[in-house]
Asks: 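Sharing a structure with you now.
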Amino acid sequence: MTDTYNPQEIEPRWQATWERDGLYRSRVDWSKPKHYALTMLPYPSGDLHIGHWFAMTPSDARARYMRMKGYNVLFPMGFDAFGLPAENAAIQRNIHPAKWTYANIERMRGQLRSMGAMFDWEREAVSCEPSYYKWTEWFFKKFYEAGLAYRGEAMVNWSPTLQTVLANEQVIDGHDERTGQPVIQKMMTQWFFRYTRYADEMLDFSELDWPEPIKIMQTNWIGRSEGAQVVFKVDDTADEIRVYTTRPDTLWGATFMVLAPEHKLVDKITTPDQREAIDAYRQQAAGSTEIERTAEDRDKTGVFTGAYAINPVNDERIPIWIADYVMVTYGTGAIMAVPYGDQRDFDFARKFGLKIVPVVQPEGVEEVPTADNLTAAYTGAGVMINSGAINGTVHNGGKGRKSPAIAAAIDYLQANGIGQESVNYRLRDWLVSRQRYWGSPIPMIHRADGTLETVPDDQLPVELPRDVEFTPSGRSPLTYYEPFLNATDSAGDPARRETDTMDTFMCSSWYWYRYLSPQYDAAPFDPEEAAYWLPVDVYTGGAEHATMHLLYARWFNKAMRDLGMFDEAAQIMRQNGRDPEGLFDEPMMLLRNQGQVLGAERPGDYILATGRYEGDKLFADHVRVVDGPNDVPAGFEGVFGEIRKRTENVLQVDMTGVRRIVEVVEGATVEIPDIEGKNDVNQLRHHLEIMRMSKSRGNVVNPDELVGQYGADTVRAYLMFAFDWEKGGPWDPNGIKGVVNWLNDVWQIAMTTAPTTSGDPNVNRDVERKVHQAIDSVQSSLERFSFNTAIAALMALRNNLQAFIKGGGIGEAAWRDAMSIMLRLMSPITPHITEELWHRLGFADSAHGSVHQQAWPVYDADKAREDSVTLVVMVNGKPRGEAQVAPDISEEEATQIALTNSDAQRFINGNQPKKIIFIRGRKGQEPKVNIVV
RNA sequence: GGGGCAGUGGUGGAAUGGUAUACACGGCGGUCUUAAAAACCGCUUCCUUCGGGAUUGUGGGUUCGAAUCCCACCUGCCUCACCA
């Protein structure tokens with residue numbers, strides 16, 4: 001043992017001790033309240049990065065705090081181990097995905113241990129283990145049997161260069177993220193889950209303490225809208241076109257129809273003379289990339305089919321077109337076009353010379369709109385015109401039946417059998433199949449007659465064959481590996497195994513259930529464990545999962561509930577006196593998102609700017625980026641220096657310590673040698689520019705190196721201290737010094753300042769007061785996930801103790817109490833140094849040897865109370881004077897003191913107070929009196 | 001284009017109706033040293049005629065009192081996006 005703080009010696013020693021003693025093992029104990037703390041599991045990409053530390057160590061601190069508060073805490077960890085990067089490694093470097101994955105997991109386990117987190121490693125779950133994906137397959141099978149999973153046709157992302165389908169998350173801005181090649185949309189038969197089955201229930205967040213933005217994003221993603229379906233007959237045929245509209249009130253203004261190019265009826269209704277044009281257009285639409293189809297301000301395109309439909313409300317014969325601005329995936333894939341009331345339809349009508357009929361008289365406008373005078377569609381409120389039966393009703397701008405005109409239109413449609421009220425969702429069914437090897441197999445068999453059957457339970461899991469070969473084509477080896485491909489159906493006839501595997505989001509949609517009992521083999525989870533631990537109390541992770549993982553998780557949980565998978569757990573709950581009502585409706589009750597740690601700031605461009613001065617400000621007509629101060633020509637007249645900040649065209653330039661303002665004028669010449677082509681002011685980079693970490697940018701912060709240099713406690717504390725956790729921000733390598741000093745000071749105080757006398761009672765009381773004020777701040781901060789203020793309060797306590805020690809008079813008992821409480825308050829944040837000092841100061845007894853087995857200090861408001869506080873005297877809301885008073889001063893007394901306060905009287909200036917407001921000194925705040933004159 | 005979040009010293013940030021700038025980084029001055037680093041002590045929102053005045057992106061409003069609540073705008077980030 002050394003006498004200076006040496007984290008490199010302390011930390012591995014305690015980590016080994018905790019593991020040996022099973023300190024963080026969590027077991028069902030119905031005599032204690034439970035707390036299931038969960039943090040998102042990592043993908044085993046090879047190395048733990050600083051983002052993992054930022055996500056996990058504060059979550060660990062919160063879980064540790066809950067444990068000290070008396071909860072039985074479960075805080076598990078695992079790996080989301082299936083996925084494409086492993087398969088890429090196989091294709092590119094000829095390493096088997098399993099080998100790559102397990103090597104990474106092994107490496108990351110070690111790195112995770114270096115955090116000193118209280119993970120219960122006996123609960124570890126790895127999604128690519130057959131014992132895990134057996135149950136992923138089992139869920140698929142149960143969902144299939146319940147009609148929640150089905151095989152159907154859908155538009156998917158197809159990469160022509162790779163000759164394979166790609167997942168949505170692999171397509172970024174219309175390009176395949178791996179090769180950068182464009183992706184097109186293609187109809188293919190795939191496996192889906194009935195996502196919309198729970199759409200309405202998933203819109204209900206009333207039981208959830210989740211961040212507001214996540215709830216809003218999910219609501220928008222589900223995209224519920226209210227309207228009507230209307231049936232149009234195709235003229236001279238028996239065919240019908242069904243459309244969905246949110247504005248059935250504008251039906252009288254529907255002057256043409258548009259079908260998606262992929263709509264099933266297109267082929268059938270196209271007239272011979274239009275056939276060629278239609279086929280060409282459909283061909284082109286199918287071959288166009290996502291980029292081309294969604295490009296902004298793209299001109300409307302489309303082709304007339306030659307066919308006509310009959311508008312059911314006025315029997316008008318209206319042309320049927322096809323156009324790619326109508327999506328086959330939304331609504332019915334066909335629209336009634338109302339150019340008067342919809343900008344897209346308006347643009348289309350203008351381009352192709354189609355008829356426009358005004359149907360809403362805008363509010364507050366006298367003149368009647370005419371088609372010829374319109375420059376844009378009118379979407380606002382008004383009175384219905386040219387609208388037959390609903391003429392004169394009011395469209396108030398509200399959605400659905402909230403608008404009288406829409407309500408009237410729906411009633412009319414239903415009364416006349418033309419259509420009915422309808423709810424539509426933006427949400428599409430969840431496409432779960434992938435044409436890949438490294439994923440959970442789909443336990444289905446294609447029989448020779450084309451029918452499907454499930455793999456029997458006793459044959460689960462369908463295991464991934466290990467001895468397969470990967471070819472550069474990227475095609476899944478499952479599709480050509482005969483031993484896997486060839487199966488036998490239930491009748492004993494030869495059949496073909498399903499070669500698609502499941503989306504990895506499927507694996508991560510139930511992992512917190514597997515943590516309950518990763519070894520259990522009778523079911524996905526042990527109902528005894530589930531009854532005690534479920535639901536998850538606190539879930540932490542990145543907000544980027546808002547509409548994917550977090551929505552899948554909710555759907556999965558509801559499907560499991562409805563299939564009775566929690567029934568047994570509910571029964572056990574009841575036996576233990578816990579009411580299961582509502583506990584299985586949602587998987588995670590409370591959610592918090594951490595922000596992102598970004599790369600360090602980089603220096604701004606060094607520029608030379610010339611132009612015309614107006615005072616100190618330079619209006620630059622020429623800005624040139626140079627390498628640095630050495631490139632300033634002798635006798636240069638303009639502004640030179642580093643750009644510290646840029647707001648549009650105004651630069652703040654650091655000119656050897658002096659801040660100069662440079663406004664880059666319209667049409668100025670900007671020269672940036674590193675950026676080819678014509679440069680502009682927006683390309684000038686400034687000091688505060690921040691960015692994601694990446695190897696190519698050379699701004700990656702390596703946690704292993706930081707731990708080697710400073711120790712895990714310092715890295716943990718710095719990550720919690722340097723940012724607002726829910727925001728994140730750019731990494732600042734200098735700030736860590738404050739945390740280093742803090743822990744060194746704490747070590748110093750604990751090891752060298754123990755008094756031996758009983759001390760001065762007044763000082764002892766002051767110490768006790770500061771300690772209890774710290775309990776209150778740290779506790780309320782940790783409750784709110786406000787880690788930075790918890791550490792600030794602990795640093796302030798350090799400052800106070802240092803001052804008391806310097807001033808002298810602390811007694812032995814007061815000092816030991818202060819140490820005991822301070823170490824316990826710090827222990828969730830910095831578990832190693834506090835454990836070491838806890839032992840060195842002799843606080844450890846044999847029964848509860850660890851600081852991490854101690855109870856959280858109990859806050860005592862009486863002990864935290866000040867003897868006297870500052871009364872703030874305000875005149876007209878501005879602080880003018882002060883007086884020392886008792887904290888529980890009465891209003892009369894305070895008013896009296898305030899009115900006679902000499903500083904205040906100068907501002908009252910002999911005037912008669914109009915009003916006097918007394919603000920009682922609430923917790924931590926001074927009493928105030930505001931005198932209004 | 002729709003939706004959301006944010007804007008506070010040189011920097012990270014604190015304060016969610018009651019003394020704006022807690023806690024830290026950086027900076028400045030000092031002590032110690034041949035010197036530097038470290039350590040320690042002090043100062044550090046801006047202006048000031050030293051009385052005070054101004055200040056939380058901008059402009060309005062509510063209130064005895066606004067960083068905080070309301071309205072409009074500006075800027076940045078996130079997200080969805082020809083969604084009928």
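Residue numbers start from 1 in every chain, and the chains themselves are labelled A, B, ... in the order their sequence lines are given, proteins ahead of strands.
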Asks: Please state how far atom CG in A/Leu259 lies from atom P in B/C83, giving the value in whole angstrom units.
Replies: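 Distance, rounded to whole Å: 17 Å.
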Asks: Please tell me which of the listed nucleotides, B/G52, B/C83, B/C41, lies nearest to the side chain of A/Arg906?
Replies: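 Closest nucleotide among those given: B/G52.
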Asks: Would you say A/Asn876's side chain and A/Val932's backbone share a donor-acceptor pair under 3.5 angstrom?
Replies: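 No, A/Asn876 side chain to A/Val932 backbone: no donor-acceptor pair under 3.5 Å.
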Asks: Report the residue (A/Asn424 or A/Ile919) whose heavy-atom-nearest nucleotide on RNA chain B is the more 5′ of the two.
Replies: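 Result: A/Ile919.
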Asks: Could you give the CG-to-C1' distance, from A/Asp347 to B/A84, as a whole number of Å?
Replies: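 Rounded to whole Å, this separation is 14 Å.
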Asks: Test A/Tyr718 against every option in A/Trp731, A/Trp742, A/Phe787, A/Phe54 by the ring-ring contact (aromatic ring centres under 6.0 Å, His included) rule and name the one that passes.
Replies: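 Among A/Trp731, A/Trp742, A/Phe787, A/Phe54, the one meeting ring-ring contact (aromatic ring centres under 6.0 Å, His included) with A/Tyr718 is A/Trp731.
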Asks: For A/Val231 and A/Ile241: C-alpha separation, side-chain torsions, deciding distance, then whether side chain to side chain contact (heavy atoms under 4.5 Å, CB included) applies.
Replies: CA-CA 6 Å; A/Val231 178; A/Ile241 299 172; over 6 Å; no
Asks: Could you measure between the two C1' atoms, the one in B/G1 and the one in B/A81, and give it in whole Å?
Replies: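 Roughly 8 Å separates the two C1' atoms.
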Asks: Is it true that A/Lys402 and A/Glu226 make a salt bridge, defined as a side-chain N closer than 4.0 Å to a carboxylate O?
Replies: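 Here A/Lys402 does not pair with A/Glu226 in a salt bridge, since their nearest N and O are not under 4.0 Å apart.
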Asks: Could you check whether the side chain of A/Lys727 and the base of B/C5 have a donor-acceptor pair of N or O atoms closer than 3.5 Å, going by distance alone?
Replies: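 Check fails, no donor-acceptor contact within cut-off.
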Asks: Can you tell me how far apart OG (A/Ser780) and CD1 (A/Ile775) are? Round to the nearest 0.5 Å.
Replies: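 Nearest 0.5 Å value for the OG-CD1 distance: 12.0 Å.
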Asks: Are OP1 or OP2 of B/A15 and a side-chain N or O of A/Arg784 less than 4.0 angstrom apart?
Replies: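 Looking at the OP1 and OP2 atoms of B/A15, one of them is under 4.0 Å from a side-chain N or O of A/Arg784.
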Asks: Please state the P separation for the pair B/C43 and B/U21 - nearest whole angstrom.
Replies: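 B/C43 and B/U21 have their P atoms separated by 15 Å.
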Asks: Students often get this wrong, so: under 4.0 angstrom with heavy atoms, is A/Trp742 touching a base, only sugar-phosphate, or nothing?
Replies: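 No contact at all - A/Trp742 keeps every heavy atom at 4.0 Å or more from the nucleic acid.
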Asks: Roughly how many Å apart are B/G51 and B/G7, using the P atom of each and rounding to a whole number?
Replies: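 Their P atoms lie roughly 37 Å apart.
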Asks: Using a cut-off of less than 4.0 Å, is there contact between a side-chain N or O of A/Tyr244 and OP1 or OP2 of B/A84?
Replies: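 For B/A84, neither OP1 nor OP2 has a side-chain N or O of A/Tyr244 closer than 4.0 Å.
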Asks: Expressed as a whole number of Å, how far does the C1' atom of B/U45 sit from that of B/G9?
Replies: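 The same atom, C1', in both gives a distance of 5 Å.
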Asks: Determine the Euclidean distance between corresponding C1' atoms of B/A67 and B/A54; express it in Å to zero decimal places.
Replies: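 Per the computed distance, 16 Å lies between those C1' atoms.
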Asks: To the nearest 0.5 Å, what is the distance between CZ (A/Arg282) and CG (A/Asp324)?
Replies: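 That separation rounds to 13.0 Å.
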Asks: Compare the minimum distances between each of B/G18, B/C83, B/A84 and the side chain of A/Arg426, then state the nucleotide with the smallest one.
Replies: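 Among the listed nucleotides, the one closest to the side chain of A/Arg426 is B/C83.
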Asks: What nucleic acid atoms does A/Lys914 come within less than 4.0 Å of, heavy atoms only: base, sugar-phosphate, or nothing?
Replies: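 It contacts nothing in the nucleic acid.
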Asks: Starting at CG of A/Asp342, measure out to CE of A/Met336 and round the result to the nearest 0.5 Å.
Replies: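 Here the rounded value is 9.5 Å.
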Asks: Does a side-chain N or O from A/Arg880 land closer than 4.0 Å to OP1 or OP2 of B/G53, or not?
Replies: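 Indeed, a polar side-chain atom of A/Arg880 lies that close.
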Asks: Taking atom P of B/A14 as reference, at what distance in whole Å does atom CZ of A/Phe787 sit?
Replies: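 From A/Phe787 CZ to B/A14 P: 13 Å.
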Asks: Round to a whole Å and report the spacing from CZ of A/Phe918 to P of B/G17.
Replies: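 Going from CZ in A/Phe918 over to P in B/G17 covers 19 Å.
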Asks: With syn defined as a glycosidic angle within 90° of 0 and anti as everything else, classify B/G26.
Replies: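 Here B/G26 takes the anti form, which means its glycosidic angle is more than 90° from 0.
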Asks: Whole-Å distance between B/G51 C1' and A/Asp903 CG?
Replies: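 Atom-to-atom, A/Asp903 to B/G51, this comes out as 12 Å.
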Asks: Under 6.0 Å between ring centres: does that hold for A/Tyr552 and A/Tyr195?
Replies: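 Ring centres of A/Tyr195 and A/Tyr552 closer than 6.0 Å.
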Asks: Any idea which of B/G52, B/G3, B/C41 is nearest the A/Lys806 side chain?
Replies: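 So the nucleotide nearest the side chain must be B/C41.
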Asks: Please classify B/G53 as syn or anti, treating any glycosidic angle within 90° of 0 as syn.
Replies: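 Here the answer is anti: the torsion falls beyond 90° from 0.
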Asks: Round to the nearest Å and state the distance from A/Ile222 atom CD1 to B/C80 atom P.
Replies: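 In whole Å, B/C80 P and A/Ile222 CD1 are 15 Å from each other.
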Asks: Mind telling me whether A/Phe348 and A/Tyr325 have parallel, tilted or perpendicular rings, with 30° and 60° as the class edges?
Replies: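 The arrangement is tilted - the two ring planes meet at 30° to 60°.
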Asks: Side chains of residues 208-216 of chain A: which donor-acceptor partners sit under 3.5 Å, not counting sequence neighbours?
Replies:
from     : atom 1 : to       : atom 2 : distance (Å)
A/Asp209 : OD1    : A/Arg592 : NH1    : 3.3
A/Asp209 : OD1    : A/Arg592 : NH2    : 3.3
A/Asp209 : OD2    : A/Arg592 : NH2    : 3.4
A/Trp210 : NE1    : A/Met588 : O      : 2.9

Asks: When the C1' atoms of B/C41 and B/C46 are compared, how many Å lie between them, rounded to an integer?
Replies: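 Pairwise C1' distance, B/C46 against B/C41, rounds to 26 Å.
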Asks: Considering heavy-atom distances to RNA chain B, does A/Arg247 or A/Asp724 have its closest nucleotide positioned more toward the 5' end?
Replies: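 So the residue in question is A/Asp724.
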Asks: Once you apply a heavy-atom cut-off of 4.0 Å, does A/Asn930 come out as touching a base, just sugar-phosphate, or nothing?
Replies: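 Base contact.
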Asks: Taking B/G18 as the reference, what is the distance to B/G65 when you measure between their C1' atoms (whole Å, please)?
Replies: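 The answer is 7 Å between these two C1' atoms.
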Asks: Would you mind classifying the nucleic acid contact of A/Arg224 as base, sugar-phosphate or nothing, using non-hydrogen atoms under 4.0 angstrom?
Replies: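 No contact at all - A/Arg224 keeps every heavy atom at 4.0 Å or more from the nucleic acid.
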Asks: Take atom C1' in B/U56 and the same atom in B/A15, then report the distance between them in whole Å.
Replies: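 The same atom, C1', in both gives a distance of 11 Å.
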Asks: With heavy atoms under 4.0 Å as the rule, sort A/Gly881 into base, sugar-phosphate or nothing.
Replies: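 The residue A/Gly881 makes no contact with any strand.
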Asks: In Å and rounded to the nearest 0.5 Å, what is the CZ to CH2 distance from A/Arg784 to A/Trp725?
Replies: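 It is 14.0 Å, given to the nearest 0.5 Å.
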Asks: Quickly work out the A/Arg920 CZ to B/G65 P distance and round it to whole Å.
Replies: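 Taking CZ of A/Arg920 and P of B/G65, I get 21 Å after rounding.
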Asks: Counting a pair only when it is Watson-Crick or G-U and both distances are under 3.5 Å, which runs of at least 3 such pairs involve RNA chain B?
Replies: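 Only these stems qualify: B:1-7 with B:74-80, B:10-12 with B:23-25, B:26-31 with B:39-44, B:45-47 with B:52-54, B:57-61 with B:69-73.
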Asks: Does A/Arg716 qualify as a cation-pi partner of A/Trp53, given the criterion of NZ or CZ under 6.0 Å from the six-membered ring centre and within 45 degrees of its axis?
Replies: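 So A/Arg716 doesn't make the cation-pi contact.
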Asks: Counting side-chain heavy atoms from C-beta on, which of B/C83, B/C5, B/G52 comes nearest to A/Pro213?
Replies: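 It is B/C5.
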Asks: Treat primed atoms plus P, OP1 and OP2 as sugar-phosphate and everything else as base, then score nucleotides 19-26 of chain B 5' to 3': B for base contact with protein heavy atoms under 4.0 Å, S for sugar-phosphate contact only, - for none.
Replies: B--BBSSS
Asks: Starting at OH of A/Tyr330 and ending at P of B/C83, how long is that distance when rounded to a whole Å?
Replies: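 Rounding to the nearest Å, OH of A/Tyr330 and P of B/C83 are 9 Å apart.
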Asks: OP1 or OP2 of B/C83 sitting under 4.0 Å from any side-chain N/O of A/Arg344?
Replies: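 For A/Arg344, the contact criterion (side-chain N or O under 4.0 Å from OP1 or OP2 of B/C83) is met.
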